[in-house]
There are 2 protein chains.
Amino acid sequence: MNAPLPDSNPDANPSAAGGTTVLAQVPSFSPLYRQIKGLITGSLQSGEWKPGDMLPSEFELAARYKVSQGTVRKAIDELAQEHLVLRRQGKGTFVATHHEARAQFRFLRLMPDSGQQYYPESKFLEVKRLRAPGEVARLLDLKGGDAVVYIKRVQYFNSVATVLEELWLSGTIFKGLTAERLNEYKGPMYGLFELEFNTTMIRASEKIRAVAADPQVASLLQVEPNWPLLSAERVSFTYGDKPVELRRGLYLTSQHYYSNELN
Amino acid sequence: MNAPLPDSNPDANPSAAGGTTVLAQVPSFSPLYRQIKGLITGSLQSGEWKPGDMLPSEFELAARYKVSQGTVRKAIDELAQEHLVLRRQGKGTFVATHHEARAQFRFLRLMPDSGQQYYPESKFLEVKRLRAPGEVARLLDLKGGDAVVYIKRVQYFNSVATVLEELWLSGTIFKGLTAERLNEYKGPMYGLFELEFNTTMIRASEKIRAVAADPQVASLLQVEPNWPLLSAERVSFTYGDKPVELRRGLYLTSQHYYSNELN
DNA sequence: AAGTGGTCTAGACCACTTT
DNA sequence: AAGTGGTCTAGACCACTTC
């Protein structure tokens, strides 16, 4: 079933002087399995396999890249660990998607004290295009003045206003995102981004602080002015570690906490 | 060099009916490499190899447990990923210790806006033994009324009071911990715990909120009353997922932020 | 029965560190 | 040169899912 491997691989066997190299010129130099990982990531990024799709089997990939199954396996191991793909024994390996229960809480760390997790409802206050302020442009790796989509919303947990969020999204990627579309789409925004803008969030970096609610924020979250709120400033990245979203959330932590595991 | 493997392993080869099993009765049932991982963890826990020590080489361990080097390798892979051991190519595999630069910031997520990371200085306000309040006992898996060591301290970053912390430590493990010892020990507390109490923190779980400074806290951190502070309630675990420390920190986040990566 | 991921082995060779 | 972890291969067999 496995394809024959007539020529040994140049990386595994560099003594084969001057042989025709098949792969070596992919990145600079790294182990074979990492080069394979790069090739697979490339296919994910290019959309050869879309979120939810099944990847070719390990043996097929091994044949395609002319390496052993074990090497493909090690590449996929790392991708699975980074949550880019998802393995299911007996079924196959699948491109990760935000349309899964498991993915919901990867980027949503706010937990209720009660243990009862309600999925939040969103109310969008503003959705518009504007020119990126300097700070936003810097964080999203844009030129100052480039277009961004700006969103402001309140999230209700069990009908209680709990989160006030502002988002700045790369304007070129999220062109055409409207309030109507956001309102009719139920479920996490990242699901919408994936479906309609071919953009999957891979990882994010947050800076968390405690701040005092200013009068406007206080009225939206129905607390007194100067009430302490948790502020989370997040930059999210898609394939290729490209920043595409800046988000600033203000969380009311009277009935909820931000959960974090230190490993 | 490698020891011979006359009998195949029962897990790898269950058709060997009724053969004398060597390993299988360790946990219930799990893959061989996970059983090996358990045995290695056991030796870490029992102190056969202490923090900073080098583990036997993969081949030695393979011989000891009568499995292949690849299986030992996979066990160690997981331990390395959980930061229980640390691999150094060409040198060996070492028991992780808190006395390393890399380990310092694993449990210290407070970063300065300036980028300049000063190592904090501690001032201990209280160190005493007391009976665990119900909530503390519950989180540390103790009986209500069991002895705990209570510590209260302020941490100064670049001479600015930034963190007010209270700790509750399992009384049996940390018997004999005194203010004098804490004051003369420079460096992170977890280093002291490891050296003098044979207790290595393996992981921790935090609940983070925004709270208002009460008058006493405000005066210690030199802010106005009701100033917003970040509260982090942490439960730390040693080997065997045993909780041994409860810590509640109040962070002044005017010049610092709590850094978190979502993966 | 066939296909998929998961485990285990045995052996070769590479890269890095120390002697 | 010797010892360590790191990579790669080839092949066997297991566990789970689907047909």
Side-chain angles (χ1 to χ4, degrees), chain A residues 1-17 21-24 28-37 40 53-63 65-81 85-95, chain B residues 1-16 22-24 29-38 40 53-63 65-81 85-95:
Chain A
M1 176 87 358
N2 195 350
L5 302 174
D7 348 321
S8 52
N9 187 282
D11 295 313
N13 200 355
S15 57
T21 60
V22 181
L23 277 170
S28 58
F29 178 78
S30 51
L32 232 199
Y33 75 89
R34 220 169 267 268
Q35 299 179 39
I36 302 300
K37 181 186 172 190
I40 295 174
D53 285 357
M54 182 177 153
L55 266 64
S57 78
E58 295 178 355
F59 280 108
E60 284 181 80
L61 289 171
Y65 300 127
K66 297 196 199 301
V67 299
S68 77
Q69 183 249 13
T71 299
V72 168
R73 184 165 186 77
K74 192 154 187 193
I76 295 181
D77 276 346
E78 289 200 354
L79 294 171
Q81 205 179 326
V85 302
L86 198 144
R87 320 183 91 135
R88 282 190 254 167
Q89 189 174 21
K91 301 181 80 170
T93 301
F94 298 81
V95 182
Chain B
M1 177 82 10
N2 197 350
L5 302 175
D7 349 320
S8 53
N9 187 283
D11 294 318
N13 200 353
S15 58
V22 182
L23 278 169
F29 179 78
S30 51
L32 233 200
Y33 76 88
R34 219 168 269 264
Q35 299 179 41
I36 303 299
K37 180 186 172 190
I40 295 174
D53 285 359
M54 180 178 155
L55 265 64
S57 78
E58 295 177 355
F59 279 108
E60 285 181 79
L61 289 171
Y65 300 127
K66 297 197 199 302
V67 299
S68 77
Q69 183 250 10
T71 299
V72 168
R73 185 165 185 77
K74 192 155 186 193
I76 294 181
D77 276 345
E78 291 200 353
L79 294 171
Q81 207 181 324
V85 301
L86 199 145
R87 320 183 92 134
R88 283 190 254 169
Q89 188 175 18
K91 300 181 80 171
T93 300
F94 299 81
V95 183

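Naming convention: chains lettered A, B, ... in sequence-line order (proteins, then strands); numbering from 1 in each chain.
Between the P atom of C/dT9 and the OH atom of B/Y65 lies a distance of 14 Å, rounded to the nearest Å. The distance from atom CZ of A/F59 to atom C1' of D/dG11 is 9 Å, rounded to the nearest whole Å. Computed from coordinates, the B/Y33 OH to D/dC14 P distance equals 18 Å when rounded to whole Å. To the nearest angstrom, P of C/dA2 lies 21 Å from CD of A/E58. Rounded to whole Å, the distance from CZ on B/R73 to C1' on C/dA10 is 15 Å. When rounded to the nearest whole Å, the span between CZ of B/F94 and C1' of C/dT18 equals 11 Å. Rounded to an integer number of Å, the gap from CD of A/Q69 to P of D/dA12 is 13 Å. For B/K74 and C/dA10, the NZ to C1' distance is 17 Å, given to the nearest whole Å.
Contact check, A/K91 against C/dG5: no side-chain N or O comes under 4.0 Å of OP1 or OP2. Distances shorter than 4.0 Å separate some side-chain N or O of A/T93 from OP1 or OP2 on C/dG5. Contact annotation: A/T71 side-chain N/O to D/dT9 OP1/OP2 distance is under 4.0 Å. Distances shown here put a side-chain N or O of A/R87 below 4.0 Å from the OP1 or OP2 atom of C/dG6.
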Fill in the blank from the handout: Given Watson-Crick and G-U pairs under 3.5 Å, DNA chain D in dot-bracket ([ ] crossing, | other strand) is ||||||||||||||||||.
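Remark: B/Y33 pairs with B/P31, B/T71, B/K74, B/E78 by the side-chain contact (heavy atoms from CB on, under 4.5 Å) rule, at least two apart or across chains. Scanning for side-chain contact (heavy atoms from CB on, under 4.5 Å) contacts around A/I76 gives A/I40, A/E58, A/L61, A/V72, A/V85, A/R87, A/T93, with sequence neighbours left out. B/E60 meets the side-chain contact (heavy atoms from CB on, under 4.5 Å) test with B/P56, B/S57; sequence neighbours excluded.
The side chain of A/Q89 lies closest to D/dC16 when the candidates are D/dA10, D/dG5, D/dC16. Side-chain proximity of A/S68 to the nucleotides C/dT9, D/dT4, D/dA10 is greatest for D/dA10.
Taking the nucleotide of DNA chain D with the nearest heavy atom to each of B/G90 and A/V72, the more 5' of the two is matched to B/G90.
Considering all non-hydrogen atoms of both residues, B/M54 and B/G92 come closest at CE-CA, 4.1 Å.
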